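Whatever order the structure lists ligands and atoms in, that order sets their numbers, starting from 1. Computed from heavy atoms alone, side chains included, the values below leave out hydrogens, waters and symmetry copies. It should be emphasised that the depicted structure is a prediction, and the values quoted were computed from it without experimental measurement.
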Amino acid sequence: MVAVCKKNHIRIIPQINLLGHQSWANSTGKLLKVYPEFDETPHVKMPEKYVWPNADGLYCKSYCPLHPGVHPIVFDLVDEICDAFEADAFHAGMDEVFYIGDDKCPRCSEQN
Ligand SMILES: [Zn+2]
């Protein structure tokens with residue numbers, strides 16, 4: 001893919017959804033599956049059947065940006081994908097962050 005894009009003067013800008021979009025509908029994303037401790041709202045359980053609107057306001061989950069373990073993992077992923085695609089730019093997502101600074105998060109609640 002990298003060679004074909006270079007040949008055709010296409011700039012690859014890889015993306016990893018950061019902060020938000022850590023789940024979709026009734027499916028948890030890979031980061032929170034492997035590291036459930038990064039979940040900003042672990043009290044919000046993934047439904048078997050997703051419907052909108054719902055009582056939890058669950059659109060998609062977020063990771064806790066204040067968890068001390070999250071950025072070393074996420075930044076390694078960013079480095080890896082940028083290296084793999086020989087990219088000089090990166091798309092960080094950062095949209096649709098519905099859960100941030102949750103009152104029940106032991107780290108974020110102190111920031112409110
Ligand atoms: Zn938090």
Point to revise | Co-members of the apolar cluster containing Y99 [side chain, <4.5 Å] | key: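 ILVMFWY cluster around Y99 also holds W24, V44, M46, Y50, W52, L58, Y59, F98.
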Point to revise | Matching residue for Q22 among V97, L31, D39, T41 - test: side chain to side chain contact (heavy atoms under 4.5 Å, CB included) | key: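 Considering V97, L31, D39, T41, a side chain to side chain contact (heavy atoms under 4.5 Å, CB included) with Q22 is found only for L31.
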**Study point:** H67 and E37: side chain donor to acceptor below 3.5 Å
**Key:**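 The criterion, which ignores hydrogens and geometry beyond distance, is not satisfied for E37 and H67.
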Point to revise | Closest contact, heavy atoms only, H91 versus I13 | key: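 Answer, listing the atom of H91 first, then I13: N-CG2, 3.7 Å.
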Exercise for review: Using a strict 4.0 Å threshold on nitrogen-to-oxygen distance, state whether D56 and K45 make a salt bridge.
Suggested key: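 No salt bridge links D56 with K45.
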Exercise for review: Any chance you could measure M1, atom CE, to I10, atom CD1, to the nearest 0.5 Å?
Suggested key: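 Answer rounded to 0.5 Å: 10.0 Å.
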Practice item. Show all protein N/O/S atoms under 2.8 Å from the Zn ion (ligand 1), or state that there are none. Key: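 Per the 2.8 Å query on the Zn ion (ligand 1), atoms found are E40 OE1, C64 SG, C105 SG, C108 SG.
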